[in-house]
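Convention: sequence-line order gives letters A, B, ...; per-chain numbering from 1.
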Amino acid sequence: MKFERYGIGIAKGMALTLKHLFRPPLTVQYPDEKLVVSKRIRGNELVWFPDRCTGCGTCTKACLQGNIILVTHRGEPNKFIVDKFELDSGRCIFCGLCVESCPYDALAMGLEYECAKYRRGETILDKDKLKLTDQHQPSAYYRPQFAAGLPKQSLLIYDKKDGGQKLNLFPLSKRKRGPGA
Amino acid sequence: MTLLDQFQKMLMTAGLPDWAAYLVPALVGIILIIAVSLTLVIIFIWWERRLLGRFQLRLGPNRCGPEGILQPVATGLKLLLKEDIVPAKADKILHFLAPIVVFVPVLMIFAVVPVSEGAILANLNIGIVYVIAISSISTIGIFMAAWGSSNKFALISGMRTVAQMVSYELPVVLSIVGVGLVTGSFSMLSIVQAQSIPFILLMPLGGVIFFLGCLAEMNRSPFDLLEADSEIVAGYHTEYSGMKFAMFFMGEYGVALAYSAVIATLFLGGWSGPLLPPVIWFLIKVVLVFSFTVWMRATLPRLRVDQLMSFAWKGLLPMAVINLVIIAIEVLVVPASMLWLMVILNFAFAAVLVLLWSRLFTLGGGRVEV
Amino acid sequence: MPIKTEPFYLNLGPQHPSTHGVFRLRVELDGEVIVNVEPIIGYLHRGIEKLAETRTYTQVIPLTDRLDYVASMTNNLAYCLSVEKLAGIKVPERAEYLRVIFSELMRLANHFLAIGAFLNDCGALATPLIYMWREREKIVDLCEMTCGQRLLFNYMRVGGVSQDVPEEFMPALKKFVAEMPKFIGEYEQLIKQNEIFLARTKGVGILPKETAINIGASGPVLRGSGVNWDIRKKDPYSIYERFDFEVPTGEVGDCYDRFWVRLREMRQSVRILEQAIVQIPAKGPIRADVPQFFRPPAGEAYGHIEAPKGNLGFYVVSDGSIAPYRVHIFPPSLINVTALADMAIGWKVADLIIVFGSIDVVLGEIDR
Ligand code: SF4
Ligand code: SF4
């Protein structure tokens, strides 16, 4: 190969990198600044609504990991009482098939995604841990009824005014992104 | 008369014995050089990582200290605490000595770099030749590391290093001879004093050749073949960990800093400049040169090893020789008062040569029949 | 005088910065020149084909995500197409468009990563990789908006897609499509004329047309060698015959051609996206009425699509039960990587890396 262009190609490339010096950074300073996740995020802790669950067991069959343990006994006529509903979030692959298959909208994916645990046993979510609380909210994955209250996802493609990236050259380390930042 | 000489004279008039008056300033100078250069190296590591981060749409280190400036210190501390692993089949002595052999010559380069008028540790009359000679020692250290760690990736890297260093030293030295011709001296001080016009304007081609050669000598992209991480993992320091690795790391950035300083001195007019104090001017120039190398590192892919060789032998070397001849003739013919004529002539010659070479020159061989 | 030296064996991988996963190459070297290359695979084997036999037809879909995890929706699509062929299911109109939109987005995402990693292998210290990653990130953002995850999407279903896109999706997609040509142009500027890049890739690792066809290579590797073969044109699936696009091909089949084919393919993908945005029906069902645990009639079907890396085929055999009797996966990466030895012998170690990078393999797909 010859240097036919006298290095103009190299110069062009270098001009482009120089231009990127003045573009907003791509990275996020994670624990300090957090992006808003999708409304439909398949988060790590599923939410179960005991009053809506009939104990039909469709979700256990839909799970490809065989991950949901359901024990019921017969209650009043035509009704199952759920004794045990247990799900191991350490084995779960968060595919969402169980949520998709539940005919009574009694199961939803969770919103949280920072669910590291110290012990293996802690990943098992029993009836109490699956219940809806203030910290434990359902996401809108396959449950559009929950979408209304959730914040808008921060997309890289959005402009500055929609909560996209900002170029904040100084001080470099104190940069915020996303709505409310 | 450098500052150290003045200090020595002061001690002598104060009545110290000769040996003490000789020893004390030397020790003070050495300690000063080591301290300042190591601090600068640390700052430059931070600067490179930060700048590279910005080129790559990242932030770079920003956690330790204000704007992350203490990050290299933290890295160093971490490396200090790491276990020192020596491969079972390593040549223990070479493996141990190599980081030292790489690191010490780097510090020695700083002895002849003038920071401002008279602020130089040793005003050798062969200053720049000394730089080239000393920095070649690092090559041996790198080869020792490559051989000593009994790793195939390291060995490939070692072989590449030796070939690369030997090839690129020639154009570098030849372009320095051009500087020597114009200045009439190899002393760094007189080179700076001779630059009424920065030599990059006076001999653009020589400057570019010297810069490219220096890039190869300090193993920076696009000539960073000896630690081409996508090919040979980490090259010669694949098997190094802990403080030994840190010494390689410091050595590498030390070379980068030293060569940036040498380029600034030789071709950009060293400390001279209007208004600001000389030290500041010198630092600005060094940072500029260094940032330029970072910029290149952020953009350019790497050459292959045979392309690297042919670039040195078929591209830079003949150009350097022609450049030298042209400058020699000009020094004879052009009167000293008409340096601007030389600037114009040299720019014209540089353009013609680059044009010619871009037509004639092919890079590297292709497939080898096996 | 030729110097005879002892051959020198080098293990590239399984842990090596540029083997794109856990891939191992046993390389025989003469100095830096490659005498022989022997790929050793299987470090990432998870037995997906066997696992699929004990899952229902829907439950196989999350498994297919784990094949080519760089562009996982295309795997979903290929599998679903085969099962639909097997059971004779008709997919609603809107779902077809969504499938096309997402598989073209996946093609873009894959090519961004492929080119970025390839340039990284050439030694352009991570800069192109991160620039490409930014664009990929935008696509992944869109996918996250739709199906809640950023890597293993599990979006396509037998008979359609799992759920409709949210209303923020279309404006964002339009913005993305409008901006994309500018960015692709920028990457061309960054690297296409770069002399060092040309020196490294032009004429390196040539895969002649005949060899490429004999090996059975597909995708950009085949098209880079100058064969005009694209399943979207030659055996149209889904609704690809409705779109107007070209199939870029290379001339000599070197690394540069493969790179250049990918770059032009991205422009074509953007073109398809532009048309799909206009044509997609605003409302409508997105999933045919397929029960969760459906039993296709006994039989077999083979469906293949033009995945970003080449011809991705799924061969599904049903015995009429709830789970497939056999699922066989025909991955493009595995076939393409067999061309490596032909391309790399006689070149240097550094060339081996970029030849391997230019094939663009994903180990999840090779080892399955
Ligand atoms: S998300 Fe998937 S793996 Fe997890 S419990 Fe539900 S079906 Fe099982
Ligand atoms: S499918 Fe829904 S209703 Fe049935 S057992 Fe599971 S959670 Fe309860």
S.K.: Between C/C147 and A/R42, is there a side-chain heavy-atom distance shorter than 4.5 Å?
M.R.: yes
S.K.: Less than 4.5 Å apart, any side-chain heavy atom of A/R40 and any of C/Q149?
M.R.: no
S.K.: Can you name the nearest heavy-atom pair linking C/N154 to A/C95, along with the distance?
M.R.: ND2-O, 2.8 Å
S.K.: Give a yes or no answer on whether the side chain of C/E186 reaches the backbone of A/L16 with a donor-acceptor pair at less than 3.5 Å.
M.R.: no
S.K.: Would you indicate whether the side-chain heavy atoms of C/R134 and A/H20 approach each other to under 4.5 Å?
M.R.: yes
S.K.: Show your reasoning for whether side chain to side chain contact (heavy atoms under 4.5 Å, CB included) applies to C/L152 and A/F94.
M.R.: CA-CA 9 Å; C/L152 305 164; A/F94 310 107; over 6 Å; no
S.K.: Counting heavy-atom pairs under 4.5 Å with chain A, which one of C/F197, C/F176, C/F293 comes out on top?
M.R.: C/F293
S.K.: Would you say that C/M145 contacts A/K39 through its side chain, given a criterion of any heavy-atom pair below 4.5 Å between the two side chains?
M.R.: no
S.K.: Would C/Q163 and A/R143 count as a side chain to side chain contact (heavy atoms under 4.5 Å, CB included) if you check the C-alpha gap in whole Å, the side-chain angles of each, and the deciding distance to 0.1 Å?
M.R.: CA-CA 10 Å; C/Q163 45 193 329; A/R143 299 278 178 268; over 6 Å; no
S.K.: Pick one of side chain, backbone, both or neither for A/K19, based on which atoms fall under 4.5 Å of a heavy atom in chain C.
M.R.: side chain
S.K.: Relative to chain A, which segment of C/F153 carries a heavy atom at a distance below 4.5 Å: side chain, backbone, both, or neither?
M.R.: backbone
S.K.: Sort C/T146 into side chain, backbone, both or neither according to what part of it lies under 4.5 angstrom from a heavy atom of chain A.
M.R.: both
S.K.: Please flag which part of C/P128 lies under 4.5 Å from any non-hydrogen atom of chain A: side chain, backbone, both or neither.
M.R.: neither
S.K.: When only pairs under 4.5 Å are counted, which of A/G13, A/S139, A/A15 shares the most heavy-atom pairs with chain C?
M.R.: A/G13
S.K.: Where on C/I130 is there a heavy atom nearer than 4.5 Å to chain A: the side chain, the backbone, both, or neither?
M.R.: both
S.K.: Using modelled atom types only, decide if a donor and an acceptor are shared between the side chain of A/S38 and the backbone of C/E144 within a distance under 3.5 Å.
M.R.: yes
S.K.: So which part of C/T58 gets closer than 4.5 Å to some heavy atom of chain A, the side chain, the backbone, both or neither?
M.R.: both
S.K.: Contact part of C/D65 toward chain A, heavy-atom cut-off under 4.5 Å: side chain, backbone, both or neither?
M.R.: neither
S.K.: Taking 4.0 angstrom as the limit, do C/R157 and A/E100 come out as a salt bridge?
M.R.: yes
S.K.: Run the side chain to side chain contact (heavy atoms under 4.5 Å, CB included) check on C/R150 and A/I41 step by step: do they pass?
M.R.: CA-CA 9 Å; C/R150 301 174 67 86; A/I41 181 178; over 6 Å; no
